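A short worksheet on the structure shown next.
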Amino acid sequence: MKIATWNVNSIRARADRLEQWLLRSDVDVVAIQETKATDENFPWDLFEKNGYEVAHFGLNQWNGVAIASRVGLEDVERTFLDQPHFGKTEDAVHAEARAIAATCGGIRVWSLYVPNGRAIGDPHMPYKLKWLDVLRSNAAGWLQADPEARIVLAGDWNIAPRDEDVWDIDLFRREGYTHVTEPERAAFHAFEEAGFVDVVRPFHPGPGVYTYWDYTQLRFPKKQGMRIDFLLASPALANRVSGALIDREERKGKGASDHAPVIVELD
DNA sequence: ATGGTAGTTCGACTA
């Protein structure tokens with residue numbers, strides 16, 4: 001069984017490439033981020049005609065997350081408990097479309113699009129950290145309730161946990177860039193302390209292994225990327241992982257997303 | 001000093 005995560009940066013702009021990738025990659029489940037779509041303009045047919053069920057959570061042209069599966073899709077959940085909002089509104093109606101879950105082939109799959117902190121000192125940074133902390137609190141609770149639970153937290157985390165996860169850590173420090181700050185890294189490592197495991201890194205250790213390359217300044221051909229997309233598996237699921245792939249081919253050519261798909265193979 | 005890219009959508013915002 002193969003499970004993938006992929007920030008597609010607009011599912012409508014990526015429809016043709018996504019369909020070709022589904023055929024080529026042969027994944028059973030894919031967690032998708034940044035659909036930039038509403039349910040009204042979401043390309044449902046693309047999945048159905050290729051044998052996938054799909055659940056989507058999209059409110060407007062921003063964010064948007066989905067899960068597609070050909071091994072079942074049950075108990076869909078949109079947002080996690082007490083998911084923080086940006087700004088003053090506190091009602092669930094105003095939560096951003098950044099988290100969706102479904103049970104696929106016995107695995108609880110979360111497709112997550114972690115908020116971008118934008119800049120050190122920007123109010124989006126404490127929002128990002130709070131969002132991660134509440135998610136971690138929920139996820140730790142799921143494991144406490146059932147230590148054998150098969151859960152995968154898959155998505156665009158907008159964090160580079162190690163210095164080697166960006167092409168030039170000195171540049172990031174000098175310029176005061178986000179994604180590499182200590183509070184962001186602590187928020188990520190808290191998931192590992194709760195028992196979740198990055199199941200891709202052991203198969204693809206760095207340095208120089210990335211999942212995202214900015215569109216500008218020839219970042220991809222210059223191999224200047226960031227590792228910010230992760231699948232964090234519960235212990236019971238991590239034990240079943242037999243391989244992983246970061247699909248750099250999909251970042252090539254005209255019409256590519258700025259993120260590559262990340263695929264995990266399970267026994 | 002500027003813009004360098006790509007997506008939403010048609011001005012401005014997001015990444």
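This structure is a prediction, so every number in the text was calculated from the model and none was measured. Naming: A, B, ... by sequence-line order, numbering from 1 per chain.
Dashed line: the shortest gap from a side-chain N or O of A:R14 to OP1 or OP2 of B:dG7 is under 4.0 Å. Between B:dG7 and A:R12, no contact under 4.0 Å exists linking OP1 or OP2 to a side-chain N or O.
A cation-pi arrangement is absent between A:R227 and A:Y210 under the rule of less than 6.0 angstrom and at most 45 degrees off the ring axis. For the pair A:R136 and A:F191, the cation-pi test (distance below 6.0 Å, angle within 45°) is failed.
Nucleotide B:dT14 holds its C1' atom 9 Å from the NE2 atom of A:H124, rounded to whole Å. One can place CG of A:N116 at 16 Å from C1' of B:dT8, the figure rounded to the nearest angstrom. Computed from coordinates, the A:R118 CZ to B:dC13 P distance equals 10 Å when rounded to whole Å. With rounding to whole Å, A:D122 atom CG is found 14 Å from B:dC13 atom P. One interatomic measurement links the two molecules: OH of A:Y215 to P of B:dT5, which rounds to 13 Å at whole-angstrom precision. Atom OH of A:Y212 is separated from atom P of B:dT14 by 15 Å (rounded to the nearest Å). Here B:dA15 presents its C1' atom at 16 Å from CD1 of A:I159, a figure rounded to the nearest Å. In this structure, A:R251 places its CZ atom 13 Å from C1' of B:dA15, rounding to the nearest Å.
For the pair A:D258 and A:N41, nearest-nucleotide mapping onto DNA chain B gives the more 5' position to A:N41. Remark on DNA chain B: of its neighbouring residues A:E34 and A:D214, the 5'-side contact belongs to A:D214, judged by nearest-heavy-atom nucleotide.
Salt-bridge check for A:K128 with A:D122: failed, with every basic side-chain N at 4.0 Å or more from each acidic carboxylate O. At a threshold of 4.0 Å, the pair A:E250-A:R14 does not count as salt-bridged, since none of the basic side-chain nitrogens sits closer than that to a carboxylate oxygen.
Taken to the nearest 0.5 Å, the CZ atom of A:F47 stands 12.5 Å off from the CD atom of A:E53.
In this structure, of B:dG7, B:dA15, B:dT5, it is B:dG7 that holds the atom nearest to the side chain of A:S10. Distances from the side chain of A:T216 to the nucleotides B:dA15, B:dT5, B:dT8 place B:dT5 closest. Closest to the side chain of A:A13, out of B:dA15, B:dG4, B:dG7, is B:dG7.
Spacing of C1' atoms, B:dG4 relative to B:dA15, comes out at 15 Å, to the nearest Å. With C1' as the reference atom, B:dT14 and B:dC10 are 16 Å apart, rounded to whole Å.
In this structure, A:Y113 reaches the sugar-phosphate backbone alone: every heavy-atom distance under 4.0 Å involves primed, P, OP1 or OP2 atoms, never a base. Using a 4.0 Å heavy-atom cutoff across all strands shown, A:R219 reaches no nucleic acid atom at all.
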